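Written below as structure tokens is the structure these notes are about.
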Amino acid sequence: MSGFKTKAIHIGQEPEQVTGAVAVPVFQTSTYAQKELGGHAEFDYARTINPTRLALEENLAALENGKYGYCFASGMAAIAATLSLVKNGDHVVAGSDMYGGSYRYFSRILSENGVEFSYVDMREPKNIEAAIKANTKLIYCETPTNPMMNLVDLEAVGKIAKAKKLISVVDNTFMSPYFQNPLDFEIDIVLHSATKYIGGHSDVIGGAVVTANSDLAEKIKFYQNSAGGVPGPWDVWLLLRSVKTLAIRMEAHNANAIQIAEFLSKQAKIKKIFYPGLSTHPQHALAKRQMRGFGGIISIETGSLENATKFTSKLKVFTLGESLGGVESLVCHPVTMTHGSVPPERRVELGITDGLIRLSVGIEDIGDLMADMERGLDAI
Ligand SMILES: Cc1ncc(COP(=O)(O)O)c(C=O)c1O
């Protein structure tokens, strides 16, 4: 199987052996009967292994062109599992622009436990190299970043990490495995908030880590079982069901977002627009090189909190809410929502202003979404 859609529908999901059920069953059990004392059964305890979860883990590993996949109860739990690879005294070079919750975890928990972080503008690979120190262990980034839609050159990061013998990690939540596969660029670990595009229906929280490196896989697996932040069988079943339509959903998100971005980019009331699919995006060429589409997230600068409030208050199809990547369009105000835990002076540096709005373009009819944008603009 080589095509993305075929893999999404079949890998890890062969008909069940006892009944032939085509859909992977929800194995709602905490433990398994073992045949004999001292025998090592493959299935022993559901924190360690669960057949429904295993199906999703195999599937996501295949979609990310990796070998080993591990699922977690949330994207943050996946990030925590990955960052368990560093310890007190180690140094991490991280992107300056990332999901506020990841920054909160790094700055309020890991830093306090003795892990050192340097946050750099990763649009320039030389900034990454310059930040590497003798105790650096890991490079961490998102691309595109949340919410500024900056890109990081995956090939450059992969090469720097290999040359310096560091672990490279990419949060691929915004692109999903359909539009971007960081492991193809020699990145060591790719992770997801599966809550977003992989889940796609705003009804489940989940996370995933994928790698092709057996040593790293062993460590993540050990952490998964030891720390125990695993998803329940119903949640992984929902994710497994969602992943089958990931490709067609991503195409629809992408098509709608391109039209909306092009429309908004021509509006004088929108001061700036951040979408890598626009030829005016400063990293559009890089986007075309490492992504197969541009995704459904657009950030716009409306100029002030007042404008942002007016714009969002008139929307009828876009729902004001945190999160992204669902079939329904959402609008978010990063300063008061997803990036509230980023200190104000840091937000200013990154361009996360009071007037910034992040749109997660859903797969509704484009005419209705456009009408919503016009309503928002009329209010400014
Ligand atoms: C890019 C990115 N990574 C990680 C996370 C955290 O994922 P979760 O909310 O599933 O814990 C989010 C959540 O918004 C995100 O946007």
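Counting starts at 1 for both ligands and their atoms, following the listed order. Just so you know, these numbers come straight off a predicted model, no measurement behind them.
The hydrophobic cluster containing Val327, built from Ile/Leu/Val/Met/Phe/Trp/Tyr side-chain heavy atoms closer than 4.5 Å, also comprises Ile363.
Residues meeting the ring-ring contact (aromatic ring centres under 6.0 Å, His included) test with Phe222, sequence neighbours left out: none. For Thr6, the side-chain contact (heavy atoms from CB on, under 4.5 Å) partners are Met1, His10, not counting sequence neighbours.
Near ligand 1, residues Ser74, Gly75, Met76, Ile79, Tyr99, Glu142, Asn146, Asp171, Thr173, Ser193, Thr195, Lys196, Gly206 come within 4.0 angstrom through at least one heavy atom.
In this structure, Asp372 pairs ionically with Arg375, as a charged nitrogen and a carboxylate oxygen lie closer than 4.0 Å.
In this structure, Phe117 and Tyr119 have parallel ring planes: the angle between them is below the 30° cut-off, well short of the 60° mark. Aromatic ring pairs are classed by plane angle as parallel below 30°, tilted from 30° to 60° and perpendicular above 60°; the pair Tyr32 and Phe43 is tilted.
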